[in-house]
Amino acid sequence: MYYYNPSKASKLKFIYVVVFCMLSINFSFAQDSDPSPWSRFGLGISLPSSTLPQQLMGGVSSPLMDKNVINPFQPASAAGCNTTLFQSSINSSRNAMTEGDSSTTALKGNIGAINLIVKKPTGKTAYMLGIIPNTARGYNLVSHKTDSITGDYIERYQGTGGTARSYLGVARSFKAKKWVDAGEEDSILINNIDLQIGCQANYLFGEVVQQERLDIEDITYLDARNSTTMRHRALGGLFGLQMHKVLGAKYDKQKNFIRSTSLYLGGTFATSSTLNTDYEKLVESVVLMSGVETLVDTSFYTSSIEIGQTPSRWTAGAAFSFDSGSGRRLVFAADYMSEDWTSISDVDNEYLLDGKAVWAEASRLSTGVSFKPGLNGSGRSVFARTTYKAGFSLENYPISYELQEGEFHQLTGWNATAGFTMPLEGSRSNSSIHFGLCYGKRSLDGTVLDNSLLEESILNVQIGVSLAPFYKNLWLTPKLYD
């Protein structure tokens with residue numbers, strides 16, 4: 001019988017791989033951009049808090065257990081994966097903004113989350129690491145106004161950058177077994193309850209740059225340029241719990257599986273974090289002549305380290321799964337997320353706000369459904385082994401805007417998603433490819449500049465992969481022999 005005991009060299013190889021993955025993450029990954037005008041306030045627009053497989057089901061993440069995909073926002077889910085996995089995606093978005101009779105369109109493309117799970121095929125413990133886009137800022141706003149003294153002038157607001165979240169975590173599973181009937185005279189032992197727990201250490205980082213310009217058409221007046229740079233960093237934790245309970249299972253007398261019904265429950269809790277920010281602000285007087293901008297003088301400059309805070313966040317959800325012996329599977333899932341930014345001190349986070357905005361309670365309600373046809377009457381067609389998904393979510397963002405004196409309205413939005421997860425043909429592994437479409441809207445009764453109606457429509461196209469090792473070539477597992 002062949003057996004092995006991992007050597008020091010094998011452990012060093014694993015450490016080298018982990019260190020290389022972390023060092024190869026360029027800081028520019030945090031400089032994601034979103035052309036939304038709403039990204040002017042706070043840390044920017046929150047990017048979808050899940051990777052592509054979860055986005056296909058409306059962003060449901062807390063209760064789902066999938067053995068062949070990575071769910072970085074539920075650390076407990078890593079323990080349920082079959083083996084080592086790598087997962088990433090790319091996306092392209094079209095943002096259409098309409099205000100009255102005017103409209104504009106912006107296109108962008110970005111890389112999605114990069115995730116890795118390290119787990120032995122028969123192990124109960126899994127390790128995870130990765131980096132996920134968190135928030136984005138990419139607005140470019142222009143307002144034409146007239147003053148009785150200076151005459152016509154233009155206000156310009158521009159912002160770039162964003163934040164990302166890197167993480168390192170561990171998860172473990174616990175199983176309970178139960179005898180169920182197999183026909184009338186026999187029984188079979190099955191895993192009746194699966195309990196998974198996990199935790200992550202998170203590091204939030206990124207840079208946000210914003211610039212405000214006042215261009216006065218009368219050349220006798222100097223123009224003004226205000227530039228603000230904020231480099232954020234914060235350390236926090238994320239804890240997750242999942243449970244799978246078989247509600248009912250049926251086997252025939254040959255002990256062949258016929259059908260089952262299962263319940264999935266899950267929840268996460270992210271701790272509150274201290275936000276450290278290297279803050280710089282520069283106010284300059286400039287003059288624009290023949291398209292050339294010339295600096296006249298520096299009116300104000302400050303550099304400091306600001307201490308803010310991010311609030312705690314929790315999610316809770318449930319899912320029902322209906323499975324058959326042919327491989328057919330139907331899943332209904334839903335979860336709810338809450339993050340109360342009003343619970344933190346407005347004084348501590350005042351430097352993050354701009355204009356007439358205040359903090360609000362962020363929340364998201366997500367629902368999703370997935371369906372796998374099974375193999376009856378279709379041989380081993382790849383389409384019969386493909387999982388088709390759809391979802392819908394309603395979201396309240398953590399910012400409210402003052403449209404009139406004392407009248408605040410919270411930014412809200414909705415998203416509808418659809419797509420599929422298809423196994424990679426010929427890979428001889430559990431690798432899969434994901435494709436999804438997302439259409440949604442963000443709206444508020446008024447813009448960040450005046451009191452007219454602005455509506456933003458977003459169409460997002462994404463493609464991603466979840467890669468598992470070839471079954472005879474286990475990643476990060478020492479060979480039995482050469």
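We use all heavy atoms of the structure for the numbers below, so side chains are in, but hydrogens, waters and symmetry mates are not. Small disclaimer: the values here were computed from a predicted structure and weren't measured.
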For the residue pair Thr135 / Thr163, report whether a side-chain donor-acceptor contact shorter than 3.5 Å exists. yes
Atom CG of Leu56 and atom NZ of Lys389: how far apart are they, to the nearest 0.5 Å? 5.5 Å
Any side-chain donor near an acceptor of the partner, Thr277 and Tyr351, under 3.5 Å: yes
Nearest 0.5 Å, please: how far is OG in Ser166 from CG in Leu235? 9.0 Å
Which heavy atom of Thr268 sits nearest to which heavy atom of Leu238, and what is that distance? CB-CD1, 4.1 Å
Taking all heavy atoms of Ala79 and all of Ser173, pick out the closest pair and write down the distance. CB-N, 3.7 Å
Consider side-chain contact (heavy atoms from CB on, under 4.5 Å). Of Asn191, Asn192, Leu195, which one does Lys175 pass it with? Asn191
Side-chain H-bond candidate by donor/acceptor type, Asn415 with Glu395, under 3.5 Å: no
Is it the case that the side chain of Lys119 and the backbone of Cys81 share a donor-acceptor pair, with hydrogens and angles ignored and the cut-off at 3.5 Å? yes
Do Ser93 and Asn460 meet the criterion of a side-chain donor-acceptor pair at a distance under 3.5 Å? yes
Here the pair of heavy atoms bringing Leu241 nearest to Ala76 is N-CB, 4.0 Å
Atom pairs and distances, side-chain donor-acceptor, residues 249-256, under 3.5 Å, sequence neighbours left out:
{"unit_1": "Asp252", "atom_1": "OD1", "unit_2": "Gln254", "atom_2": "N", "d": "3.0"}
{"unit_1": "Asp252", "atom_1": "OD1", "unit_2": "Lys255", "atom_2": "N", "d": "3.1"}
{"unit_1": "Asp252", "atom_1": "OD1", "unit_2": "Asn256", "atom_2": "N", "d": "2.8"}
{"unit_1": "Asp252", "atom_1": "OD2", "unit_2": "Asn256", "atom_2": "ND2", "d": "3.3"}

Under 6.0 Å between ring centres, would you say that holds for Phe269 and Phe239? no
What pair of heavy atoms forms the shortest contact from Ser431 to Ala468, and how long is it? OG-N, 2.9 Å
Distance from Thr84 atom OG1 to Asn430 atom CG, nearest 0.5 Å? 12.0 Å
Between the main-chain N or O of Gly248 and the side-chain N or O of Thr261, is there a donor-acceptor pair closer than 3.5 Å? no
Is it the case that Ser400 and His409 place a side-chain donor and acceptor less than 3.5 Å from each other? no
Roughly how far, to the nearest 0.5 Å, is CG of Leu411 from CG of Asn396? 8.5 Å
Cation-pi check, Arg172 to Phe174: give yes when NZ or CZ is under 6.0 Å from the six-membered ring centre and within 45° of the ring axis, no otherwise. yes
Distance only, no hydrogens: is a donor on one side chain within 3.5 Å (strictly under) of an acceptor on the other, for Asn202 and Arg165? yes
For the side chain of Glu339 and the backbone of Arg313, is there at least one donor-acceptor N/O pair under 3.5 Å apart? no
Listed by chain and number, what are the ring pair (Phe, Tyr, Trp, His ring centres under 6.0 Å) partners of Tyr264, not counting sequence neighbours? His244
Counting distance only, does the side-chain N/O of Ser321 pair as donor-acceptor with the main-chain N or O of Ser262 below 3.5 Å? no
Heavy atoms of Ile344 and Trp341 approach each other most closely as CG1-O, 3.0 Å
Glu456 side chain to Gly440 backbone, donor-acceptor under 3.5 Å: no
Decide whether a cation-pi geometry holds between Arg364 and Tyr397; the criteria are a distance under 6.0 Å from NZ or CZ to the six-membered ring centre and an angle within 45° of the ring axis. no
Name the orientation class of the two ring planes belonging to Trp414 and Tyr439 (parallel below 30°, tilted from 30 to 60°, perpendicular beyond 60°). perpendicular
When you measure from the side chain of Gln242 to the backbone N and O of Leu64, does any donor-acceptor pair fall under 3.5 Å? yes
